[in-house]
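A short write-up of the structure that comes next.
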Amino acid sequence: MQAVSSTATGVAFLARPGRPAVVARTLTELAGPTRGVVELPVRLMWNAERTFDLADPDQLLWMYENVLRETTRAEDLRALINGRTLRRVWRLLNLPRGVRQAWESRHRGLRAA
């Protein structure tokens, strides 16, 4: 899967100062798990508690927020985020403005989700 960084589109959408948001080219490429327990790698979550039970709505949101905010790799998006689930929970996610803008700029359907 290829991903688009905000700098590749000519618009500076930042996940945090100095770090462009990474956005998948299509939501269908996001084939992450929809159930079970997921453990995030340390590069995405430095907390000792890095496991998330996707059956728990709060844990699912927290995991998605961390991945979308912290990733610098398209592979993380493909492996950890599910496109249908992302569309379903989009409005519930607490994301930095730059991350939300980057994703909604690329995937206009998320604005209405």
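Computed from a predicted structure; not experimentally measured.
Residues V42 and R50 form a side-chain contact, since some pair of their non-hydrogen atoms from C-beta on lies under 4.5 Å apart. You'll find the side chain of Y64 reaches within 4.5 Å of the side chain of T85, heavy atoms only. Looking at heavy atoms from C-beta onward, L68 lies in side-chain contact with L77 at the 4.5 angstrom threshold. When side chains are defined from C-beta on, L80 does not count as touching T71, because their heavy atoms never get closer than 4.5 Å. Contact of the R91 side chain with the R111 side chain is registered, since non-hydrogen atoms from C-beta on lie closer than 4.5 Å. Taking the side chain as every heavy atom from C-beta outward, M45 and W62 approach each other to under 4.5 Å.
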Stepwise, does the side chain to side chain contact (heavy atoms under 4.5 Å, CB included) test hold for N66 with R69?
CA-CA 5 Å; N66 278 283; R69 184 180 57 245; 2.7 Å; yes
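What you find for L54 and M63 is that their closest heavy atoms are CD2-SD, 3.9 Å. Across all their heavy atoms, L110 and W90 have their closest contact at O-CD1, 3.2 Å.
In this structure R87 satisfies the side-chain hydrogen bond (donor to acceptor under 3.5 Å, both in side chains) test with no other residue, sequence neighbours excluded.
Annotation for R43: atom CZ counts as buried by contact number, over 12 foreign heavy atoms lying within 6.0 Å. For CZ of R35, the number of neighbouring non-hydrogen atoms (other residues, nucleotides, ligands) closer than 6.0 Å is 12 at most.
For the side-chain contact (heavy atoms from CB on, under 4.5 Å) test with V67, the passing option among L86, L40, V38 is L40; the others fail.
In the hydrophobic clustering of this structure, L61 does not group with V37; members are Ile, Leu, Val, Met, Phe, Trp, Tyr whose side-chain heavy atoms approach within less than 4.5 Å, directly or through other members.
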